[in-house]
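Working notes, beginning with the structure itself.
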Amino acid sequence: MKYWLMKSEPDAFSIDDLQQRPGQTEHWDGVRNYQARNMMRDDMKIGDQVFFYHSNCDSPGIVGIAEVAKEAYPDFTAFDPADKHFDPKSNPDKPTWFMVDLRFVRKLKRAISLQELKLKPELAELALVRRGNRLSIMPVTASQWDFILQLE
DNA sequence: GCCAACGTTGGC
DNA sequence: GCCAACGTTGGC
């Protein structure tokens with residue numbers, strides 16, 4: 001089993017939104033970055049654990065845990081010209097973009113802010129705190145995962 | 001709202 | 001294949 005961190009803007013889709021979805025499950029559409037796509041398509045398996053990170057908000061940080069509920073399948077929002085994430089280069093016969101489904105696991109007892117994560121030498125290698133990182137999906141090692149959870 | 005850091009695009 | 005221009009991300 002692998003560990004991941006996935007970013008979402010809480011104004012668009014928050015951990016609370018995930019918790020309130022039917023089955024507490026939602027598809028993770030709109031990823032339009034090849035590195036992030038490759039991780040979803042090639043490496044994310046059912047049961048993988050995911051830190052849910054709130055980005056681009058007042059207090060960016062890790063707010064909860066989700067798990068992979070369905071492995072990669074074509075991101076159908078890329079096929080819809082009316083959709084914000086429409087991509088004419090992608091089509092159902094040969095999709096460019098993929099998504100997974102996530103299921104809510106739990107919220108953390110407290111949010112762990114980016115500010116706090118940046119201070120921890122144990123997390124120096126975490127892509128999230130590295131300069132200029134903009135990846136919306138990134139791997140987390142087992143030791144990073146355990147370390148972050150014991151901060152809770 | 002600003003802007004640094006990236007990724008992508010397209011002319012050549 | 002280079003690289004300038006442009007668009008996006010996301011912290012602050």
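Every chain is numbered from 1 and lettered A, B, ... according to where its sequence line falls, protein lines coming before strand lines. For the numbers below, each heavy atom of this structure counts, side chains included, while hydrogens, waters and symmetry mates do not. Since this is a predicted model, take the numbers as computed values, not measurements.
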Next item on the list: Mind running side chain to side chain contact (heavy atoms under 4.5 Å, CB included) on A:Arg32 and A:His85 for me, showing each step along the way?
Entry: CA-CA 8 Å; A:Arg32 296 293 179 268; A:His85 299 293; 3.3 Å; yes

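When the shell of 6.0 Å around CD of A:Gln150 is examined, it contains more than 12 heavy atoms from other residues, nucleotides or ligands.
Of the two residues near DNA chain B, A:Gln35 and A:Asn56, the one whose nearest nucleotide lies more 5' is A:Asn56. Comparing A:Tyr34 and A:Gly132 against DNA chain B, the residue whose closest nucleotide sits nearer the 5' end is A:Gly132.
Here chain A contacts DNA chain B (any atom closer than 4.0 Å to a heavy atom, that is under 4.0 Å), and the contacts span B:dA5 to B:dT9 from 5' to 3'.
Remark: aromatic rings of A:Phe76 and A:Trp97 are distant, center separation not under 6.0 Å.
Atoms NZ and CG, on A:Lys7 and A:Leu135 in that order, are 7.0 Å from each other to the nearest 0.5 Å.
In this structure A:Phe147 satisfies the ring pair (Phe, Tyr, Trp, His ring centres under 6.0 Å) test with no other residue, sequence neighbours excluded.
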